[in-house]
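For reference, the structure discussed in these notes is given below.
As the structure is a prediction and not an experimental result, all values here were calculated from the model.
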Amino acid sequence: MTKPKVAFHTLGCKLNYTESSEIGKQFLQRGFAFSEIDANNDVIVLNTCSVTERADKEARQWIRRALRHSPNAFVIVTGCYAQLQPEEIASIDGVDVVLGSQEKFHIFQYIDSFQKKTTPQIFVAPISEAHDFGPAFSSDGRERTRAFLKVQDGCDYSCSFCTIPIARGKSRSQSLETTVRQAHQLVAMGYREIVLSGVNVGDYGKKNNTSFLQLLRALESVDGMERIRISSIEPNLLTNDIIDCILSSDTLCNHFHIPMQSGSDTILQNMRRRYRTKDYRNVVEYIRANDSTAGIGVDVIVGFPGETEKHFEDTFTFLVDLPCSYLHVFTYSERPNTLAATFGEVIEPRVRFQRNNMLRIVGTKKRRAFASAFLGTMVDVLIEHTPSAQGFSGYSKNYIRVDVPATENDINTIQRVRIDGVCDEHCIGSRTDGTVQPAIRAPSTVVKTFTPVPL
């Protein structure tokens with residue numbers, strides 16, 4: 001008998017990917033087979049994001065795309081967009097069920113038959129009722145290199161631009177014992193690296209009489225654990241004790257992704273962020289003073305209401321001078337039911353785009369300069385299922401992507417690699433064990449000697 005086919009498509013953050021994986025297990029247990037979104041499927045599950053207007057638009061496009069390939073499929077939409085705008089999603093032709101944040105882990109309690117009905121069903125409870133944690137980690141069985149382990153959900157912060165608290169509810173954490181048990185499971189399944197994920201991971205455990213630092217120390221002790229990486233952590237929660245713990249560990253990756261959002265104290269105040277530029281710089285400089293090789297990523301938003309040329313210039317100058325490794329640049333997007341959406345002094349889209357582009361150029365130079373600093377050095381690279389001109393690529397502990405001469409047999413192994421060159425924003429490496437030689441010559445744009453990249 002042919003198994004019914006289900007296709008998942010996930011938008012947004014790594015947290016959504018871990019949750020899609022958890023939902024997927026329920027389908028596998030009930031006899032479904034995974035399929036691609038562009039195949040002819042029986043059921044389609046779309047896990048959405050709503051961090052920007054573009055994310056909402058992308059979700060609508062994927063619903064229509066999936067239905068073009070599977071016009072008779074039963075379509076389930078969940079995630080943040082579903083929680084915030086369920087009626088809007090239900091109005092899209094072909095959507096059968098809309099599930100909110102509380103309901104997404106209980107699909108089979110709400111749906112007893114995957115037969116299309118004339119009217120879409122909506123199961124979305126008020127976010128104030130979202131108390132379940134919904135344990136989740138990504139383990140779809142297709143790639144056993146890096147797993148995303150959900151340790152925290154929701155947020156108690158009130159940033160003026162953000163919909164997360166009204167889409168995911170209050171901050172809550174998985175217990176220390178459960179998290180450690182799941183980490184043991186992931187190691188037993190063959191994962192080499194675990195990425196700790198959440199909306200605000202630094203807030204972990206504060207309502208459970210524990211802390212994020214305690215979690216890190218507990219996970220370090222898991223037998224067979226080779227790498228632990230933190231997805232992102234707020235600067236006001238990244239204490240010196242946490243930094244010291246990470247930098248002194250053989251298991252914790254010396255890679256910090258720290259949201260900043262603006263280099264202007266005025267804009268940070270209007271964003272209702274819990275730190276100022278001096279605080280942020282102190283965190284970055286403490287990391288850099290204790291480990292010059294650490295990878296440091298920065299999130300920044302341009303075009304926030306009231307962001308003058310002077311405010312943007314402050315951000316630009318702050319980032320140019322900041323000893324970070326790379327930038328993630330976002331263009332501000334008005335979100336319904338947020339405080340910032342009521343602010344005046346709206347920035348023209350054209351200006352937002354220009355500012356975004358300027359900071360992306362800075363980010364490219366930062367990433368290239370950081371990678372160039374490792375020419376001639378040795379790094380450990382976890383080989384992943386990502387083909388490259390050399391064979392495959394992977395990441396070092398400090399989050400440098402390296403193309404490595406490798407075969408499929410090397411996937412999910414950690415290899416000692418020498419950095420020989422830089423191409424664009426990643427590195428070209430060679431194996432020192434002599435087992436694999438480069439299949440293709442490195443591109444002519446490879447930098448063979450280190451020349452600092454001016455900013």
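- A donor-acceptor contact under 3.5 angstrom links the side chains of Asn254 and Asp291, judged on distance only.
- Ser20 and Asn47 share a side-chain donor-acceptor pair at under 3.5 Å.
- Taking the ring centre of Tyr399 as origin, the terminal cationic atom of Arg229 falls outside the region bounded by 6.0 Å and 45° from the ring axis.
- Side-chain contact check for Asn356 and Tyr332: no donor-acceptor pair (N or O, by modelled atom type) lies under 3.5 Å.
- Gln152 and Ser173 are not linked by any side-chain donor-acceptor pair at a separation below 3.5 angstrom, with hydrogens and angles left out of the test.
- Side-chain contact check for Thr413 and Gln415: at least one donor-acceptor pair (N or O, by modelled atom type) lies under 3.5 Å.
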Is there a side chain to side chain contact (heavy atoms under 4.5 Å, CB included) between Arg352 and Glu307 once you walk through the steps? CA-CA 10 Å; Arg352 299 185 206 184; Glu307 183 187 67; over 6 Å; no
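- In summary, the side chains of Ser175 and Thr178 do present a donor paired with an acceptor at a separation below 3.5 Å, with no hydrogens or angles considered.
- If you check the side chains of Arg60 and Tyr81, you find a donor sitting under 3.5 Å from an acceptor.
- Between Glu234 and Arg274 there is no salt bridge, since no side-chain nitrogen of the basic residue lies less than 4.0 Å from a carboxylate oxygen of the acidic one.
- With hydrogens and angles ignored, the 3.5 Å screen pairs no side-chain donor or acceptor of His9 with any backbone N or O of Val45.
- Aromatic rings from Phe27 and Phe34 are positioned such that their centres are separated by 6.0 Å or more.
- Checked by atom type, the side-chain pair Asp56/Ser50 shows a donor-acceptor distance below 3.5 Å.
- No donor-acceptor pair under 3.5 Å is formed between the side chain of Ser160 and the backbone N or O of Ala340.
- With Ser70 contributing its side chain and Ala39 its backbone, the two residues share a donor-acceptor pair below 3.5 Å.
- Between Phe148 and Tyr17, the ring centre distance reaches or exceeds 6.0 Å.
- With hydrogens and angles ignored, the 3.5 Å screen pairs no side-chain donor or acceptor of Thr277 with any backbone N or O of Gly263.
- Under the 4.5 Å side-chain criterion, counting only non-hydrogen atoms from C-beta, Cys253 is not in contact with Ile228.
- Donor-acceptor pairing under 3.5 Å is recorded for the side chains of Asp203 and Ser171.
- Ring geometry for Phe312 against Phe316 counts as tilted: the plane angle lies between 30° and 60°, on a 0 to 90° scale.
- There is a side-chain donor-acceptor pair under 3.5 Å between Tyr326 and His257.
- For the residue pair Glu220 / Ser249, a side-chain donor-acceptor distance below 3.5 Å is found, with atom types taken as modelled.
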